[in-house]
Amino acid sequence: MPEINLLEAIRQGLDEMMAQDDRIFIFGEDVGRRGGVFRVTEGLIDKYGPLRVLDSPLAESVIVGACIGAAMNDTRPIAEIQFADFIAPAFNQIVQEAARIHYRSNGDWSVPMVIRAPYGGGIHGALYHSQSIEAFFAHVPGLKVVAPATPYDAKGLLKSAIEDNNPVLFLEHKKTYRLIKGQVPEHDYRVPIGPAEIKRPGEDLSVFAYGLMIHYCLEAAQSLAASGVSVEVVDLRTLRPLDVPTILASSRRTGKVLIVHEDNLTGGFGGEIAALIAEHAFEYLDAPIVRLGGPDVPAMPFARSLEDAFMPNPQKIIEAMRRLAAY
Amino acid sequence: MPEINLLEAIRQGLDEMMAQDDRIFIFGEDVGRRGGVFRVTEGLIDKYGPLRVLDSPLAESVIVGACIGAAMNDTRPIAEIQFADFIAPAFNQIVQEAARIHYRSNGDWSVPMVIRAPYGGGIHGALYHSQSIEAFFAHVPGLKVVAPATPYDAKGLLKSAIEDNNPVLFLEHKKTYRLIKGQVPEHDYRVPIGPAEIKRPGEDLSVFAYGLMIHYCLEAAQSLAASGVSVEVVDLRTLRPLDVPTILASSRRTGKVLIVHEDNLTGGFGGEIAALIAEHAFEYLDAPIVRLGGPDVPAMPFARSLEDAFMPNPQKIIEAMRRLAAY
Amino acid sequence: MTVSIADLVPGASESGGDLSAATLREMFRFMLLARVLDERMWLLNRAGKAPFVISCQGHEAAQVGAAFALTRGKDFTLPYYRGLATVLVMGMTPTEVMLGLFARATDPSSGGRQMPAHYSHRRLKIITQSSPVGTQIAHAAGVGLAERIKGGDAVVWTSFGEGTTSQGDFHEGINLAAVQQLPVIFQCENNEYAISVPQKQQMAVTSVADRGPAYGIPGISVDGTDLLSVYEVTRRAVERARRGDGSTLIEARVVRLTAHSSDDNDRTYRSQRELKSMRLSDPLARFAAYLHDQDMLSEAEERDLRAEIGAEVDAATEAAEQAPMPDPETLHNYVYAL
Amino acid sequence: MTVSIADLVPGASESGGDLSAATLREMFRFMLLARVLDERMWLLNRAGKAPFVISCQGHEAAQVGAAFALTRGKDFTLPYYRGLATVLVMGMTPTEVMLGLFARATDPSSGGRQMPAHYSHRRLKIITQSSPVGTQIAHAAGVGLAERIKGGDAVVWTSFGEGTTSQGDFHEGINLAAVQQLPVIFQCENNEYAISVPQKQQMAVTSVADRGPAYGIPGISVDGTDLLSVYEVTRRAVERARRGDGSTLIEARVVRLTAHSSDDNDRTYRSQRELKSMRLSDPLARFAAYLHDQDMLSEAEERDLRAEIGAEVDAATEAAEQAPMPDPETLHNYVYAL
Ligand SMILES: Cc1ncc(C[n+]2csc(CCOP(=O)(O)OP(=O)(O)O)c2C)c(N)n1
Ligand SMILES: Cc1ncc(C[n+]2csc(CCOP(=O)(O)OP(=O)(O)O)c2C)c(N)n1
Ligand SMILES: [Mg+2]
Ligand SMILES: [Mg+2]
């Protein structure tokens, strides 16, 4: 199996799906000739033409809004939001429209579309090119929210997202784009939306994370193994619908839980995971449920010194794991 | 002390503050001659003139955006969002601008403004006139989020919100407007932003709620008292910044926790409260932390049968309390 | 650009253009049906049987005129909450409308989930509407975009009030349609109020049509109480869209003959004089007078028609009232599409 | 409406209107300072010392011309990320700019929290900018609204690119300013690209100024590489705003002489020919030639000025580079205002 980075996996996923189904089109800022500011859609305009790889006006509300309309007229739109931070102007269209259309029409209409959004920090993007946005959207019934960590998962989940008959927010951690490489089979495969995956089995404590943090958690788990602590790392992969059975089973088995995300701690999605465990796996817990998240400051600053202070990293995770293991 | 309803308390708060400080103005749809669709601003245009009680265009993004600009030019704007559901188009201005301006300017600029938003259901408002929105905003560092349950708190918190030098989202539960009456002193007073209040002390379990749900919880607690179960009802009042010490102290004391909100369960603000307790009061817990929230459907339907099925109510709360007490 | 039918088709407003007498009577029938249904809803509201009503009274000519220029079953409509006459012409039945009013399980728009007047009907290509105003303008552009991608020639028609033009989505949606030359018709039904807020607090121009040129598309203002003018203007916009020449913005100047909704009291912000004088612009009376003048409709025929429609509305009301409420168990249905 | 300086002030572009030679030289100095600073930033970027640069090269005349029509210390500016020349004229020093580039603790815009070019300076009434484009247009309207409420006569000036006109906030902000006749000047710096997307995919009109009439305010298109035209057009807009007559939308047609930013490579979407020919529109060269023509600036004087500015930029760079980074402990400061 060839080894490719996460960005290439996504591009391949787009390409293979577009080749199979001419109802699929891409709509977003600079996705055409420029191939997207991260180059994810590079080359696609040459293959599929400017009608299916279409530069939008600089207006996120109508990027999403028009894709909603298009999805109701028998196409399968893929909206690209240039940076997840800029999804905010489209909040109304996503939350009040895309997510509610199937429900409000009592099943009559549906909105099969994907919204791709590069998110996350540690890339020197400052306050407005570093944000994590999953908590806002994972709260919304009717939406699906996916956040893969590996090239294999990214490609397989992207294909599932495109085939899904619901609006799917597809979160791509910018720092993983070129940093994370992995084997991706040449044959056509899917990773289903929903199931989490135990990326590293372990006995002493369970760690739940997604996106870039999975890699930091694996690194931390590896380093703890040396001191005889066995850490299970569960990659949630899909945040909505959430794989509650896998979360509970792992928590019950190890009795100790650490939840890691880069998003601001308070009101972050980690709260939901902790709450589920505190309600449904309570009897099995041997220690407080610990969350490690970004600090509660408005966003990640530009200066390296401040960015480093903001970002969760393997060292901070190791410390949290140690404390928890020792509890 | 005269007894007034929650709506009148808010109107009085606006009136008294505007009389004292002519930098305060109100900006929103139909707030002028019409006095707001709920009549909260009724009469104010006659007292303070059309420059200080100004009908905005039908455009929430600029309602908030212009108030942000105005706040930076030495006025104290109060934006009215006609229904909380319609705050979504202003999400970008609230989250990316209002909440981040003080931080991003390293303390140079600040945005002293209030955004009033009538929220909540049970009033036959259907999908788009019933929503609870607090989870989206209580996640945002830099914002304050307030959700009073009584006329006394509403008036006192509103005054504090207007005097606060930060953007404050002021949530008014529509069903409490005329339903909830209470004594409000004639003298000028404040309820500070931040502290929760134990609305009913108890020994056997702690219930955390806010807004309309406080009244349902009090009703339920009252009914359980008859069967000898002593329930403590804590009114959070402010969701951000959250009164963590009071939450933890009550949880530690009773060892059992129920969290109630009307908003959809998954990703709702209850998760944050549960997570805090599961981390910081774990050793004191005698039972799973239970959440009771609105079901995970996109929003509250119109038909009475469906609306009733959606809304948490005293009966559902009683059952949850009973189960928890018996654990 | 403000046009009257006479500019477009010399002598048209006298002759009814190329429409047959039968078609004109059919148009009148829809206007009357919409009016009678709408009035009945208010009665039901006042009787405590319907918690919420929002009207199309005063907008009927603008809607029937426009909808007759569309091809039913082929073209898409995204009508806003005042679009009762629109959806009737597009094929919704009075019973279906009443099922929505009573929030019954078989309400085709939403199964009783949405407030009344949030129309939807997939088979009829009426696209589901929400309450936040203006979002449908972006959807309409997207439906048109998909049509272009698919190479079809359906036209997309959407409506909204003049207050809604203040929303960002109005701008973004029309701009996209203009840039991509999409087959979309944007009908602004300008009744001069957004609830209580008058037009001059929404915009510093006298006509919404003045905004067409800002997007590089035609902006046409038409007397929306004159059915034939609206028909003719829309027919041309449909032709333009169908042949691939792009979008049109139409302002139909109408009157709102009722309060904003059953929750509103417009006497707090409209003068007695205004409330009285607006009655003179009733599009239904105007079109009836025209048909009488043209000897296309006798007093007796009108009386018969009213009786027939009255009976139809009675039957629709009764059928809908007796229909079952949604089962509480269904609350959880259709969160996700399969 | 497209105007040239000659329409406004007969003979002006030859004479420099009523501006003294000293003022004209001062204007040139700011243009040159902006250019040299900007070029230095690119050098620092290429040397690995500054992770991000976004330029005002090609926009200098539009910005200096406009800013000279404002009153420093009184009027508010909300310049977007290409506004280097704007903020220099309004009073920001080269050292302050460089502190932002290096994200130092004493960066007056954000203390190193924001990317470079997100300008802010409370004392200078430069209002903090974010990255999501267009939000400042709504803020500008609000600053103007407050000014009206307070009864002051400060003017508010904001800038943005032509791509940004596609955003809802452009529409909502200008519309509010127009409805309320607020003292706000909206300057669109049209460089024909939004990153890679050309103007024709943002709008179906040839000039952003065509949108003024849609809001009931003047829309004026001006050659933004001609400093004196921009100055004159802005001066009139300021007068109009100051006397309470409301807002103006100005399109300054400029060129983007660089890639979008240091992260971009515009050779993927601009032809060699275009990249070459745009150099002919360099506003700095144009104004220098004009001053030489008018005998207001000799070659020797220009050389001296360049040397002086070079030294100033050297000093600024050095001072900023040596300034301390933000202390990690300060991460938690200023979440809330006291
Ligand atoms: C985004 C949003 N904000 C506010 C409202 C509340 N609201 C409902 S209708 C309405 C007025 C609409 O006026 P207009 O667009 O002129 O349509 P009309 O009702 O006059 O036909 C308002 C403010 C809403 N539905 N959506
Ligand atoms: C809301 C939002 N969406 C996307 C971006 C990413 N982005 C940054 S600059 C830019 C292009 C802006 O073009 P224009 O307004 O013409 O200004 P110019 O850079 O050409 O001066 C884009 C798409 C952003 N900053 N904000
Ligand atoms: Mg209206
Ligand atoms: Mg540009």
Side-chain angles (χ1 to χ4, degrees), chain C residues 1 132-135 137-138 141 144-145 160 162-184 186 188 194 197-221 240 244-249 251, chain D residues 1 132-135 137-138 141 144-145 160 162-182 184 186 188 192 194 197-221 240 244-249 251:
Chain C
M1 177 176 60
V133 299
T135 50
I137 301 173
L145 184 62
F160 47 86
E162 87 295 341
T164 299
T165 65
S166 298
Q167 286 282 348
D169 274 359
F170 164 85
H171 173 72
E172 296 190 11
I174 296 190
N175 188 51
L176 173 64
V179 167
Q180 296 292 337
Q181 288 200 39
L182 303 176
V184 189
F186 300 97
C188 177
V197 181
Q199 180 183 339
K200 71 172 196 305
Q201 283 184 267
Q202 298 289 349
M203 65 191 85
V205 289
T206 51
S207 167
V208 173
D210 293 352
R211 295 192 166 167
Y215 300 107
I217 63 170
I220 297 171
S221 184
R240 175 180 150 83
D245 288 350
S247 309
T248 304
L249 171 62
E251 177 196 60
Chain D
M1 176 176 60
V133 300
T135 51
I137 301 173
L145 184 62
F160 47 87
E162 86 296 339
T164 299
T165 66
S166 298
Q167 286 282 348
D169 274 358
F170 164 85
H171 173 71
E172 296 189 12
I174 296 191
N175 188 50
L176 173 64
V179 168
Q180 296 293 337
Q181 288 200 39
L182 303 176
V184 189
F186 300 97
C188 177
E192 293 176 18
V197 181
Q199 180 183 340
K200 72 172 195 303
Q201 282 184 267
Q202 298 289 348
M203 65 191 86
V205 289
T206 50
S207 166
V208 172
D210 292 353
R211 296 195 164 165
Y215 299 107
I217 63 171
I220 297 172
S221 185
R240 175 181 150 82
D245 288 349
S247 310
T248 304
L249 172 61
E251 178 197 60

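Note on naming: letters A, B, ... go to the chains in the order of the sequence lines (proteins, then strands), and numbering restarts at 1 for each one. Side chains are part of it too, since the values below use all heavy atoms of this structure and drop only hydrogens, waters and symmetry mates.
Put simply, the side chain of Asn175(C) reaches to within 4.5 Å of the side chain of Arg211(D), judged on heavy atoms.
Relative orientation of the His171(C) and His171(D) rings is parallel, given thresholds of 30° and 60° on the angle between their planes.
Atoms CE and CG, from Met203(D) and Leu176(C) in turn, are 13.5 Å apart once rounded to the nearest 0.5 Å.
Applying the side chain to side chain contact (heavy atoms under 4.5 Å, CB included) criterion to Val133(D), with sequence neighbours excluded, gives Leu58(A), Tyr81(D), Thr164(D), Gln167(D). Scanning for side-chain hydrogen bond (donor to acceptor under 3.5 Å, both in side chains) contacts around Gln201(C) gives an empty result, with sequence neighbours left out.
Annotation: maximal heavy-atom pairing with chain C below 4.5 Å, among Pro213(D), Ala204(D), Gly246(D), occurs at Ala204(D).
Contacts of Thr165(D) with chain C are made by backbone atoms alone, with heavy-atom separations under 4.5 Å and no side-chain atom involved.
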